[in-house]
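When reading the values below, keep in mind they use all heavy atoms of this one structure, side chains included, and skip hydrogens, waters and symmetry mates.
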Amino acid sequence: MIAWWRVGSLAPLGLALACSGVDVHGGDGHGGGETGAEPSTPAIEAPYLVGDLACAEPSHVGATERELEPGESTELPVPAGLPELLADIRARGGRPGLRFDTAAAGRLLNVRVPVRGHQVHRSADDVDEVALDLGAVTVHLTHAAGTGGGPELVLPPTLPLDQVVVLKTYARAPTPGGLGGAALTMVSAFDRRDEAAGPVATLAIDDTVPQAREADCDALAYELASEVPPVAVSFPPLSGCTLDECAKTRAAWLRATHDLFRLRQMLDFVAASPPEERAFLWAAEGGTETGERLMSYESEDVGPNTALQFYFGPYADYRLDAIRVAYARLWRTFHDHEVGGLTLDIECTPDGPGDICNTSRPGGHHAVKSNMKLCAKAYSTPSQSFDVPRLVLHESMHHMFVPWRDNTPRLSPIMDTHTHGHGALCAGKLVTDKGYGLKKIKHLAGYENDRGDDCWHNNFAFRNNDTYAYAAATLGTYIRFGYLGRWPLEQPPETEERLPDPDCGMPGVTTPPPGFSDPLSKCYKSGGELVCPGAHGGLAPGDLDIAAICPPL
């Protein structure tokens, strides 16, 4: 029996709109490639996640490939200390893996609300102040107590108000019937120039603070996405949304944030592992907490679709580097809401008769840079928990370039449309089409001609928007709903025989080593206190999703 020991913590932190085409069930003769040795474990039935929302592709004028300039890097460093942590687990007789903890799903949500310069006003008494609408309540930010009226956060005079990020903390208490309603419990202010220093002011929200709970879109979104574990999220500006559309949009954003976080965990785990193990891990499937692999009577894709290779093709160092860079840039977009120097915003069900939402009627579109639109189909699809987060992930990949190096260092746009050749010389059967849906994603990831040449398909796979969206949304949805509890299901083969170690998983690997910082996490609540380590902060308490797998004694 394999023993799993939890070790110290990658606490989750916490987009835009997608164009994914209707998938065709069944194969196309191009498999996703081998995904490693099939686990000798029982299987559990899991859903076959297939998107059915389509949208129009935006213009890519000027989106051309170019060679990298001197000094442009194609690599992203792994989280500091992570390789040492994994090595320490091995040195003590264990094998490291990821164990996805969703036990606290739906119980905590932190929403980051940055203060912008245009929100700062000067009062008649020559005092800067901000009346910050937080949905359920309006809070006044000020440097002088008693000047704003109503609930207020009094900040140090050395902290400019336009450098403040406010954190809203929502909680849902367990009840005999599940979880209670979402309640705003605390509002805290941080200096976003040094979030690791902790909150500079806090305000407890209790029954003495009047709230408009029925108009709080964030609370409603939190209740809709109740399967999401505690994260901190930053919602982009919305326009033209009803309260229901607002809640569904932000629930999709919240789910997509979680899903992106999980995919990045897997990629960082591969990058931090020994080079000789990376190809095995790339092709490895995941499974349930108790060790069953996933399967479906509907499709043979289920199970293999828990491996990175299923989406991105066989392992290569330069492709891992490029994919990690792309997801890291997407993560920054999620939280900074910046697309090519413009502020990202999402528009709900535009009513213009000439709008694509009302002509070709897709799930959404991204016709204007940084402005993403969700159409009526996005709010009526029965697959809100998978399809809309996938849409949100996809479209936010537009207007993004990824640096990579095969033979020549280059910078290439991530796009929907690709021209790919086939046959013995890779010049026959030229096809120009959009890489929408699982069938075409599998083709880009798995095509080989009779000579074993992929004809550049694998390099299109990591520059295809829908590939990124499907990979994150599928793995993230399986984790959120408890199907995928651990990864990899099978460990890389041992290079030497080792005897069972009674100290496996014991102190020494219970916390990350000195210098470890988690770039995936930001704010969360610990022991009643808000902690916001930021992108460059120190060690955060909590539970890591790294596990030490101990052999039987």
Side-chain angles (χ1 to χ4, degrees), residues 12-15 102 104-115 131-141 150-153 165-190 199 202-259 261 334-335 337 345-346 348 374 378-379 384-385 388-389 392 480 522-525 528 530 532:
L13 164 69
L15 257 291
T102 59
R107 299 195 181 186
L108 183 72
L109 172 66
N110 286 310
V111 179
R112 298 165 57 82
V113 184
V115 177
L132 196 61
D133 183 358
L134 298 178
V137 62
T138 296
V139 173
H140 292 267
L141 311 182
E152 65 181 10
L153 285 169
V165 60
V166 169
L167 196 73
K168 301 192 294 180
T169 298
Y170 291 88
R172 299 182 67 191
T175 69
L179 292 173
L184 182 63
T185 60
M186 186 181 294
V187 177
S188 303
F190 293 79
T202 60
L203 173 67
I205 305 296
D206 53 28
D207 292 338
T208 65
V209 178
Q211 298 186 57
R213 300 179 190 273
E214 68 283 354
D216 192 344
C217 172
D218 293 356
L220 297 175
Y222 176 32
E223 292 175 359
L224 288 176
S226 60
E227 81 282 3
V228 177
V231 297
V233 66
S234 182
F235 293 122
L238 301 182
S239 62
C241 305
T242 65
L243 185 60
D244 178 68
E245 290 169 348
C246 175
K248 287 181 177 179
T249 301
R250 289 187 170 173
W253 184 285
L254 177 55
R255 287 164 167 146
T257 299
H258 165 272
D259 298 350
F261 170 79
F334 272 32
H335 296 284
H337 308 151
D345 70 277
I346 295 179
C348 301
L374 287 172
Y379 300 110
Q384 291 287 322
S385 61
V388 187
V392 166
R480 284 187 271 119
K522 289 194 177 179
C523 304
Y524 58 94
K525 196 173 184 180
L530 285 168
C532 197

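Checking Tyr379 against Thr249 by side-chain atom types alone, a donor-acceptor pair falls below 3.5 Å. For the residue pair Asn110 and Tyr170, no side-chain donor N or O sits within less than 3.5 Å of a side-chain acceptor on the partner.
One distance of note links CG of Leu153 with OG of Ser188; it measures 7.5 Å at 0.5 Å rounding. Interatomic distance, CZ of Arg250 versus CG of Leu109, reported as 11.0 Å (0.5 Å rounding). For the atom pair OH of Tyr222 and CG of Leu108, the computed distance is 5.5 Å after rounding to the nearest 0.5 Å. Distance check, rounded to the nearest 0.5 Å: NE2 of His337 to CD1 of Ile346 gives 8.5 Å. In this structure, Arg112 CZ and Phe190 CZ are separated by 8.5 Å, a value rounded to the nearest 0.5 Å. Atoms NZ and CG, on Lys168 and Asp218 in that order, are 3.5 Å from each other to the nearest 0.5 Å.
Scored by the salt bridge (charged side-chain N to carboxylate O under 4.0 Å, His left out) test, Asp133 finds no partners at all (sequence neighbours excluded).
Scanning both residues, Pro114 and Ser234, for their nearest heavy atoms gives CD-OG, 4.4 Å. In plain terms, the two heavy atoms of Val388 and Ala252 that are nearest each other are CG1-CB, 3.5 Å. Between Val392 and Ala256, the closest heavy-atom pair is CG1-CB, 4.2 Å. Shown here for Leu243 and Ala215, the closest heavy-atom pair between the two residues is CD1-O, 4.1 Å.
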After noting the C-alpha distance and the side-chain angles of Thr185 and Ile205, does the key distance pass the side chain to side chain contact (heavy atoms under 4.5 Å, CB included) rule?
-> CA-CA 5 Å; Thr185 60; Ile205 305 296; 5.6 Å; no
Passes side chain to side chain contact (heavy atoms under 4.5 Å, CB included), Val187 versus Leu134? Steps please.
-> CA-CA 9 Å; Val187 177; Leu134 298 178; 3.9 Å; yes
Walk me through it: do Val111 and Leu167 pass the test side chain to side chain contact (heavy atoms under 4.5 Å, CB included)?
-> CA-CA 6 Å; Val111 179; Leu167 196 73; over 6 Å; no
Kindly determine whether Asp345 and Leu238 satisfy side chain to side chain contact (heavy atoms under 4.5 Å, CB included), including the steps that lead there.
-> CA-CA 6 Å; Asp345 70 277; Leu238 301 182; over 6 Å; no
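Remark: SG of Cys217 is found under 2.5 Å from SG of Cys246.
The shortest distance between side-chain heavy atoms of Val115 and Val165 does not fall below 4.5 Å. In this structure, the side chains of Leu203 and Pro151 come closer than 4.5 Å at one or more pairs of heavy atoms. Residues Cys348 and Leu374 form no side-chain contact, since every pair of their non-hydrogen atoms from C-beta on lies 4.5 Å or further apart. Here the side chains of Leu179 and Arg107 are in contact, with some heavy-atom distance below 4.5 Å. In this structure the side chain of Pro236 reaches within 4.5 angstrom of the side chain of Trp253, judged on heavy atoms. Put simply, the side chain of Val166 does not reach to within 4.5 Å of the side chain of Val139, judged on heavy atoms. When side chains are defined from C-beta on, His258 does not count as touching Pro389, because their heavy atoms never get closer than 4.5 Å.
With hydrogens and angles disregarded, a donor-acceptor distance shorter than 3.5 Å links the side chain of Thr242 to the backbone of Glu245.
Applying the salt bridge (charged side-chain N to carboxylate O under 4.0 Å, His left out) definition to pairs two or more places apart or across chains, those involving residues 222-243 are Glu227-Arg255, Glu227-Arg480.
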